[in-house]
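The structure appears right after this line, and notes come after that.
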Amino acid sequence: LKEIGARGQEKLKDSSVLIVGAGGLGCPAIAYLAGAGVGKLGVVDGDILDASNLHRQTNYRSEDLGRPKAELAAEYVQKLNPEVEVAFATSRLTANESLEWFSKYDLVLDCTDNLDSKQLISDVAVLTNTPFVSASVYQFEGQLQTFTAKPGSPCFRCVWPDSQAQQGVLNCAEAGVIGPVPGVLGCLQAMEAIKLLLDLQGQIGDQLLLINLLSYETRTIKLPANYEGDHHLCLEQISLDHYQRLEELELSFENLNSALDSGMLLVDIRNTDGIQAPPLPGAIALQEKPIEWQSDPKHRYLLVCAQGVRSKNMASKLNDENVRAFSLKGGVRGLGL
């Protein structure tokens, strides 16, 4: 390709990309960036491979079930292109570690499936002046947006000023998705990353691309930017302390019995998210039985949802009301239920 050539290939070899999320979006993005010869890749994902992932996370195999996705992704890269340097972390991206991760890479791909992670990635990208490409999927639809980190470029907060209001949106595991949808969006992320790294024409810029994979209808929407002159007003709203506080509300247990033995009152909030799930032994189903939350320190609540995202946000709001509430880290999925 005359637009790339040997010089462009050398530039890719000297480039580095951090991929946060090694699932349905991350798999094709990782594969195509490694195949393109990007010299350094980082992969951060705290999830383990489940059988329900395989239809859309095609870098993995059935014999890999139960293993960390980030580790599997690193192995995949090494087999595909041994010349690519790859680092990985088998834990979720945290506020404490995010600044260090971002400082080592030219570009970040947001391949996560929840709004908390997307907001954290955007905030750290703004603080470190790092461009990132974000994608989301919902059933048969997807969206793609690029934040260039240039003056006047909108961040996630510019587009979604109140991400907490969007917490009712279900992820792939909850709402369902057909495999090729995240595959297409992950490929688009890889393509956009290569455009940015090589400064090719046709970058999406400050727009949101919407695509419906049933009708192949696409739309682009100009994104708002929250600036006064060159000053990014969203900087005034960014505090990593907020994320650190949320992380402190997460508790890990080997099983639900361990949580009950510790004196926790289990509260299952999954059905409030529109999920029809079997009851959890020893837990109160919030949809079926309203709770009078007690601010007495003797009462400690452990909120349980599908993946630990909504429970964490709900625990934060309850703590603001002096209720001692915590979130089961990773939700029931983290326990393998």
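For reference, positions follow the sequence shown, starting with 1.
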*Consider only side-chain N and O atoms of E236 and H231, and report whether a donor and an acceptor are under 3.5 Å apart.*
yes
*From L120 CG over to T94 OG1, what is the distance, rounded to the nearest 0.5 angstrom?*
8.0 Å
*Is there side-chain contact between R270 and V332, with heavy atoms separated by less than 4.5 Å?*
yes
*Say whether, by atom type as modelled, one donor and one acceptor occur between the side chain of K40 and the main chain of A87 under 3.5 angstrom.*
no
*Closest contact, heavy atoms only, L49 versus R61*: CD2-O, 3.8 Å
*Is L251 atom CG crowded by more than 12 heavy atoms from other residues, nucleotides or ligands, each under 6.0 Å away?*
yes
_So does A95 get a backbone contact from the side chain of Q244, meaning a donor-acceptor N/O pair under 3.5 Å?_
no
_S16 (side chain) donor-acceptor with D106 (main chain) under 3.5 angstrom_ = yes
*Which residue pairs satisfy the side chain to side chain donor-acceptor pair (under 3.5 Å) criterion with at least one member in residues 218-230, sequence neighbours excluded?*
Y227-H232
*Crowding at NZ, K118 (>12 non-hydrogen neighbours, <6.0 Å)*: yes
*Should we say atom CG of L1 is surrounded by more than 12 heavy atoms from elsewhere, each under 6.0 Å from it?*
no
*Do Q9 side-chain atoms and A36 backbone N/O form a donor-acceptor pair below 3.5 Å?*
yes
*For C27 and N59, which heavy atoms make the closest approach, and how far apart are they?*
O-ND2, 3.0 Å
_Side chains of R245 and S316 only: does a donor on one sit below 3.5 Å from an acceptor on the other?_
yes
*Work out which heavy atom in A29 is nearest to a heavy atom in C111; give both atom names and the distance.*
CB-SG, 4.4 Å
*Is K195 paired with E192 through a side-chain N to carboxylate O contact shorter than 4.0 Å?*
yes
*asked:* Just by distance, no angles: are the side chains of Y243 and N96 close enough, under 3.5 Å, to form a donor-acceptor pair?
replied: no
*Closest contact, heavy atoms only, L249 versus A325*: CD2-O, 3.9 Å
*For the pair Q78 (side chain) and V84 (backbone), establish whether a donor and an acceptor sit closer than 3.5 Å, ignoring hydrogens and angles.*
yes
*Do R157 and I238 come within less than 4.5 Å of each other through their side chains, counting heavy atoms only?*
yes
*Going by the angle between their ring planes, with limits at 30° and 60°, are Y301 and H299 parallel, tilted or perpendicular?*
parallel
*Side-chain donor-acceptor pair under 3.5 Å between S117 and T112, yes or no?*
no
*asked:* Between S52 and D50, is there a side-chain donor-acceptor contact under 3.5 Å, judged purely by atom types and distance?
replied: yes
*Looking at A70 and D45, what are the two nearest heavy atoms and their distance?*
CB-O, 3.7 Å
_Main-chain N/O of I284 paired to D268 side chain as donor or acceptor, under 3.5 Å_ = no
*Test item: V20 and L109 side chains (from C-beta on) under 4.5 Å apart, heavy atoms*: no
*asked:* So, taking the atom named CE in M264 and the one named CG in L256, what distance separates them when rounded to the nearest 0.5 Å?
replied: 12.5 Å
_Using side-chain heavy atoms (C-beta onward) and a distance below 4.5 Å, is C158 in contact with L223?_
no
*At what distance, to the nearest 0.5 angstrom, does CD of E321 lie from NZ of K317?*
9.5 Å
*Quick one: are S262 and F253 in side-chain contact, heavy atoms under 4.5 Å?*
yes
*asked:* Looking only at side-chain N and O atoms, does S295 offer a donor or acceptor that is under 3.5 Å from a partner on N322?
replied: no
*Any chance you could measure S258, atom OG, to L302, atom CG, to the nearest 0.5 Å?*
11.0 Å
*side-chain contact (heavy atoms from CB on, under 4.5 Å) assessment of K11 paired with L197*: CA-CA 8 Å; K11 194 171 184 179; L197 294 173; over 6 Å; no
*Give a yes or no on whether the backbone of Q294 and the side-chain of R324 come within a donor-acceptor separation of less than 3.5 Å.*
no
*Just how far is it from atom CD1 of I211 to atom CD of E141, taken to the nearest 0.5 Å?*
10.5 Å
*Kindly give the heavy-atom pair with the smallest separation between G8 and L198, and that separation in Å.*
O-CD2, 3.4 Å
_Checking the side chain of T146 only, and the main-chain atoms of V133 only, is there a donor and an acceptor separated by less than 3.5 Å?_
no
*Does a side-chain N-to-carboxylate-O contact under 4.0 Å join E100 and K104?*
yes
*I48: hydrophobic cluster co-members (side-chain, 4.5 Å)*: none
*When L93 is tested against each of D110, I121, V108 for side chain to side chain contact (heavy atoms under 4.5 Å, CB included), which residue passes?*
I121
*Look only at the side chain of S122 and the backbone of Q119, and say whether a donor-acceptor pair between them is shorter than 3.5 Å.*
no
*Does Y60 have K69 sitting over its ring (NZ/CZ under 6.0 Å from centre, angle to axis within 45°)?*
no
*Evaluate the side-chain proximity of S136 to Y138: yes if any heavy-atom separation is below 4.5 Å, no if none is.*
no
